[in-house]
Amino acid sequence: MTFCIFRIIDGQRLGVEAGKMTAALAETEDTEAKAGADVSLSVQAHQSLIGALREGQIRSGAFLSMPMLVDILGLPIAAVREAVKLAEAGGLVSVLPKRGVVVMDAGPEMTRECLELRAILDSEGARRLIETNAILPFARLREDHERLRDAALTDVTPEVQRRAILTDLSLHDALAAGVGLKLAQRIYDDNRNRIAIIQNQRPFLADRIVSAMEEHLAIISALEERDVEAAVAAIRQHLAHTLRWWGV
């Protein structure tokens with residue numbers, strides 16, 4: 001009889017322990033799910049913030065409180081705070097403790113540094129692409145640039161201006177990818193976002209679209225011919241004209 005009682009007690013203990021383990025596992029899963037949801041919201045908030053900066057919804061030099069950012073992004077304040085931290089690390093905003101954030105200044109010094117950095121990465125990317133005989137969609141790149149140049153010669157509509165930014169980026173993105181280093185790509189991506197903020201201060205005009213596309217076509221020709229010196233020279237010329245157009 002005593003043995004049976006012990007078996008009953010042990011069974012009850014095992015049942016209690018099993019219940020505790022199940023509850024603990026469920027709590028762990030809930031915690032992990034919540035953490036995953038928080039991360040997902042933070043990533044979403046960061047992407048939305050970058051989008052608002054790149055599209056000019058939030059402009060250079062703007063001051064915004066955290067509640068204002070929450071309203072703009074439409075996401076919880078905790079996720080927005082994480083997004084702001086990431087944006088600050090990328091040099092896009094500065095945090096003013098207990099006040100809010102200020103978007104980077106798109107002044108002459110910042111403009112010059114961002115464009116110089118892009119040219120450095122472009123040049124190294126071009127060199128590596130040529131030396132490794134990498135395959136690029138030269139025909140498509142050339143066609144896109146020529147079609148945009150011709151469209152700008154006729155009429156510069158908002159759609160043409162939008163295409164100008166995308167076409168401009170297509171070549172710079174390809175050159176930066178040619179560097180082949182993850183850290184360099186991260187630096188380029190952050191700089192790409194800063195340049196987008198700068199570009200919102202002064203949209204592409206007809207004469208600049210045409211000249212910029214011609215400069216890009218010179219870079220594409222050098223890449224096609226596998227001429228490193230010509231490619232780097234064309235990139236530097238493009239930089240000089242862009243700095244002049246920006247007045248810096």
Side-chain angles (χ1 to χ4, degrees), residues 47 50-51 53-56 90-92 110-153 156 159-200 202-205 208-246:
Q47 291 173 343
I50 295 299
L53 291 167
R54 289 176 62 86
E55 294 166 12
L92 303 177
M110 176 62 74
T111 298
R112 175 176 288 277
E113 290 203 12
C114 288
L115 293 174
E116 287 274 9
L117 176 58
R118 185 176 71 178
I120 291 170
L121 293 171
D122 283 352
S123 297
E124 181 60 17
R127 183 184 67 79
R128 293 194 182 201
L129 287 169
I130 292 170
E131 291 180 351
T132 59
N133 290 315
I135 297 174
L136 282 179
F138 291 119
R140 181 174 58 79
L141 283 170
R142 178 174 290 281
E143 180 182 358
D144 289 346
H145 281 76
E146 288 176 345
R147 290 176 61 184
L148 180 62
R149 176 199 60 194
D150 296 344
L153 286 169
V156 178
E159 173 61 18
V160 170
Q161 289 178 319
R162 186 189 69 81
R163 282 174 53 200
I165 292 175
L166 296 177
T167 305
D168 180 78
L169 283 172
S170 66
L171 179 61
H172 292 295
D173 286 352
L175 291 170
V179 177
L181 301 173
K182 291 182 179 179
L183 181 57
Q185 188 63 50
R186 286 176 56 188
I187 293 171
Y188 171 77
D189 289 341
D190 286 339
N191 196 54
R192 184 180 192 252
N193 290 328
R194 289 191 290 268
I195 290 176
I197 295 174
I198 294 168
Q199 286 176 326
N200 286 322
R202 188 176 179 184
F204 272 113
L205 301 177
R208 185 52 192 151
I209 292 177
V210 173
S211 61
M213 293 306 103
E214 291 287 0
E215 292 156 22
H216 274 214
L217 286 166
I219 298 170
I220 293 170
S221 293
L223 292 170
E224 289 174 325
E225 295 165 6
R226 303 291 177 179
D227 188 332
V228 174
E229 289 187 7
V232 172
I235 289 167
R236 298 304 299 181
Q237 184 179 45
H238 178 51
L239 169 66
H241 288 309
T242 303
L243 288 172
R244 188 177 302 115
W245 186 72
W246 278 98

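Residue A176 comes nearest to D122 through the heavy atom pair N-OD1, 4.4 Å, listed as atom of the first residue, atom of the second, then distance. Closest approach of L141 to S170, counting heavy atoms only: CD2-OG, 3.7 Å. Nearest heavy atoms, N191 versus C114: ND2-O, 2.9 Å. Scanning both residues, A177 and Q185, for their nearest heavy atoms gives CA-OE1, 3.6 Å. Of all the heavy atoms in W246 and I198, the pair that sits closest is CH2-O, 2.9 Å. Residue I209 comes nearest to A152 through the heavy atom pair CG2-CB, 3.5 Å, listed as atom of the first residue, atom of the second, then distance.
Atom CG of N133 sits about 5.0 Å away from atom CZ of R226, to the nearest 0.5 Å. If you take CE on M110 and CD1 on I197, they are separated by 9.0 Å, rounding to the nearest 0.5 Å. Separating the OG1 atom in T167 from the CZ atom in R147 is a distance of 9.5 Å, to the nearest 0.5 Å.
At most 12 heavy atoms of other shown residues, nucleotides or ligands fall within 6.0 angstrom of atom CZ in R186. The local environment of CD in E159 is crowded, with over 12 non-hydrogen atoms from other residues, nucleotides or ligands closer than 6.0 Å.
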*Go through R128 and E131 one step at a time and tell me if the salt bridge (Lys or Arg N to Asp or Glu O under 4.0 Å) criterion holds.*
CA-CA 5 Å; R128 293 194 182 201; E131 291 180 351; over 6 Å; no

*For side chain to side chain contact (heavy atoms under 4.5 Å, CB included), just list the numbers for L117 and I187, CA-CA rounded to whole Å, side-chain angles, deciding distance to a tenth of an Å, and then say yes or no.*
CA-CA 9 Å; L117 176 58; I187 293 171; 4.0 Å; yes

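Counting only heavy atoms from C-beta outward, the side chains of I130 and L223 approach each other to under 4.5 Å. You'll find the side chain of L92 reaches within 4.5 Å of the side chain of I50, heavy atoms only. Taking the side chain as every heavy atom from C-beta outward, R118 and R192 never approach each other to under 4.5 Å. Under the 4.5 Å side-chain criterion, counting only non-hydrogen atoms from C-beta, L239 is not in contact with I235. Inter-residue side-chain proximity for E113 and R194 is flagged as unmet; no heavy-atom pair is nearer than 4.5 Å. When side chains are defined from C-beta on, L175 does not count as touching L121, because their heavy atoms never get closer than 4.5 Å. Two residues are said to be in side-chain contact when any heavy atoms from C-beta on lie closer than 4.5 Å; R208 and H241 meet this criterion. For the pair I220 and L136, the minimum side-chain heavy-atom distance is 4.5 Å or more.
Under the 30°/60° scheme for interplanar angles, the aromatic rings of H216 and H172 are found to stand perpendicular.
Of the charged side-chain nitrogens involved, none lies within less than 4.0 Å of a carboxylate oxygen, so that R140 and E143 do not count as a salt-bridged pair.
Judged by distance alone, the side chain of N200 and the main-chain N or O of R54 form a donor-acceptor pair under 3.5 Å. The backbone N or O of A234 lies less than 3.5 Å from no partner atom in the side chain of H238, so there is not a single donor-acceptor pair. Checking side-chain atoms of Y188 against main-chain N and O of D173 turns up a donor-acceptor pair under 3.5 Å.
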